[in-house]
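Okay, structure first, notes after.
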Amino acid sequence: MTELAGLEREERGLGALLTPVDRDGDLDLYIANDGQPNRLYTSQPLADDPEELGFRFKDLTDVANVGDSGSGMGVAGGDYNGDGQIDLFITNWERELNALYLNETTTADQPTFQYSTFRIGIMGLGNGLTGWGTAFVDLDQDRDQDLLFVNGRVPVTNFETDPEPVKLYRNRGNNLKAKYGRPRQFVEWTEETGLVDVGNLMARGGAVADYDNDGDLDIAVNTIAGHLSGYAYYSK
């Protein structure tokens with residue numbers, strides 16, 4: 001069904017996300033490509049639909065201004081500024097910054113984003129690291145989205161020096177009276193949460209879920225030449 005759905009490009013996709021971005025209520029597709037522009041495909045209804053697929057993807061990358069041309073590895077979607085719209089985060093290679101796009105769509109079917117890597121209070125976001133799995137995740141249960149990504153150098157040449165740290169940034173939230181209150185910005189939180197003690201990993205992917213059913217989200221990281229690593233989050 002790939003060509004029928006409108007996905008005709010042959011590119012080096014390493015991450016993909018199905019999520020609604022253009023306020024029309026259906027799932028759109030964002031693809032992180034390695035060394036080629038990332039792509040945003042929005043789902044469009046079909047008037048003439050003999051195959052009864054129900055939709056077709058339309059490439060609106062240039063319109064939405066989300067064609068980050070870095071070495072896209074992982075991709076995450078989440079509403080980090082609390083405006084009800086899905087923003088996009090993409091991890092890249094070590095000589096490239098990771099990319100954050102703020103969703104500013106106001107009209108259905110016309111996605112609009114602002115490149116916001118330099119607007120969130122973090123200098124050199126991902127600089128010197130090769131990012132892979134990533135997620136927007138409310139670890140501290142304060143109802144805003146924190147930012148997690150795992151890292152590991154490429155190409156793999158040395159299993160002693162190529163592993164890299166897991167990174168976690170706390171969302172400062174929209175409450176200016178709170179300790180971290182500063183809308184649309186993040187603060188380094190890796191050490192405070194104990195993830196710095198995990199050490200460096202040859203990570204290639206990550207996931208979050210409440211695996212122990214205690215009401216908060218935990219972290220899993222898969223690695224090259226190593227075991228799946230799991231980290232339970234404990235609220236204080």
When rounded to the nearest 0.5 angstrom, what is the spacing between [atom1] in [X] and [atom2] in [Y]?
| X | Y | atom1 | atom2 | value |
| --- | --- | --- | --- | --- |
| Asn151 | Asp162 | CG | CG | 12.5 Å |
| Leu129 | Phe149 | CG | CZ | 6.5 Å |
| Asp24 | Thr107 | CG | OG1 | 12.0 Å |
| Arg12 | Ile31 | CZ | CD1 | 14.0 Å |
| Arg184 | Leu100 | CZ | CG | 10.5 Å |
| Asp22 | Gln110 | CG | CD | 9.5 Å |

Can you spot which of [options] makes a side-chain contact (heavy atoms from CB on, under 4.5 Å) with [X]?
| X | options | result |
| --- | --- | --- |
| Ile90 | Val75, Leu97, Leu14 | Val75 |
| Tyr41 | Leu60, Asp28, Asp59, Leu18 | Asp59 |
| Tyr101 | Thr112, Ile86, Asp87, Asp68 | Asp68 |

If I compare all heavy atoms of [X] with all of [Y], which pair ends up nearest, and what's the gap?
| X | Y | answer |
| --- | --- | --- |
| Leu27 | Pro20 | CD2-CD, 3.7 Å |
| Leu29 | Ala16 | CD1-CB, 4.3 Å |
| Arg23 | Ala108 | O-CB, 4.0 Å |
| Val208 | Ala135 | CG2-CB, 4.2 Å |
| Gln44 | Thr42 | NE2-OG1, 2.8 Å |
| Gly54 | Asp49 | N-OD2, 2.7 Å |

If you draw a 6.0 Å radius around [atom1] in [X], do more than 12 non-hydrogen atoms from other residues or ligands fall strictly inside?
| X | atom1 | value |
| --- | --- | --- |
| Arg204 | CZ | yes |
| Arg119 | CZ | no |
| Glu3 | CD | no |

Donor-acceptor pair, distance only, cut-off 3.5 Å: does the side chain of [X] make one with the backbone of [Y]?
| X | Y | answer |
| --- | --- | --- |
| Glu11 | Arg39 | no |
| Asn222 | Gly205 | yes |
| Asn33 | Pro37 | yes |
| Thr91 | Gly74 | yes |
| Asp138 | Arg143 | yes |
| Arg172 | Gln185 | no |
| Asn171 | Gln145 | yes |
| Thr130 | Glu94 | yes |

If we ignore angles and hydrogens, is there a donor and acceptor under 3.5 Å between the side chains of [X] and [Y]?
| X | Y | value |
| --- | --- | --- |
| Asn65 | Tyr115 | no |
| Thr190 | Glu188 | yes |
| Glu104 | Thr106 | no |
| Ser71 | Glu96 | yes |

By side-chain hydrogen bond (donor to acceptor under 3.5 Å, both in side chains), which residues pair with Asn98, not counting sequence neighbours? none

Given the rule that I, L, V, M, F, W and Y join up when any side-chain heavy atoms are under 4.5 Å apart, are [X] and [Y] in one cluster?
| X | Y | result |
| --- | --- | --- |
| Leu148 | Ile122 | no |
| Phe118 | Phe113 | yes |
| Trp93 | Val166 | yes |
| Met202 | Val198 | no |
| Met73 | Ile219 | yes |

Any heavy-atom pair between the side chains of [Y] and [X] that's under 4.5 Å?
| X | Y | answer |
| --- | --- | --- |
| Trp132 | Val221 | no |
| Asp212 | Asp210 | yes |
| Leu125 | Tyr169 | yes |
| Asn38 | Val66 | no |
| Thr105 | Pro111 | yes |
| Thr193 | Leu139 | no |
| Tyr30 | Val21 | no |
| Val150 | Leu201 | no |

Check ion pair Glu8-Arg56 (N to O, under 4.0 angstrom):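 A salt bridge links Glu8 with Arg56.
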
Ring centres under 6.0 Å, that's the criterion: do Phe55 and Phe57 meet it? yes

Is the Phe89 to Tyr80 ring centre distance short of 6.0 Å?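 Not under 6.0 Å, so no.
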
Pair Phe159, Ile224 - check side chain to side chain contact (heavy atoms under 4.5 Å, CB included), show working. CA-CA 9 Å; Phe159 278 92; Ile224 290 179; 4.0 Å; yes

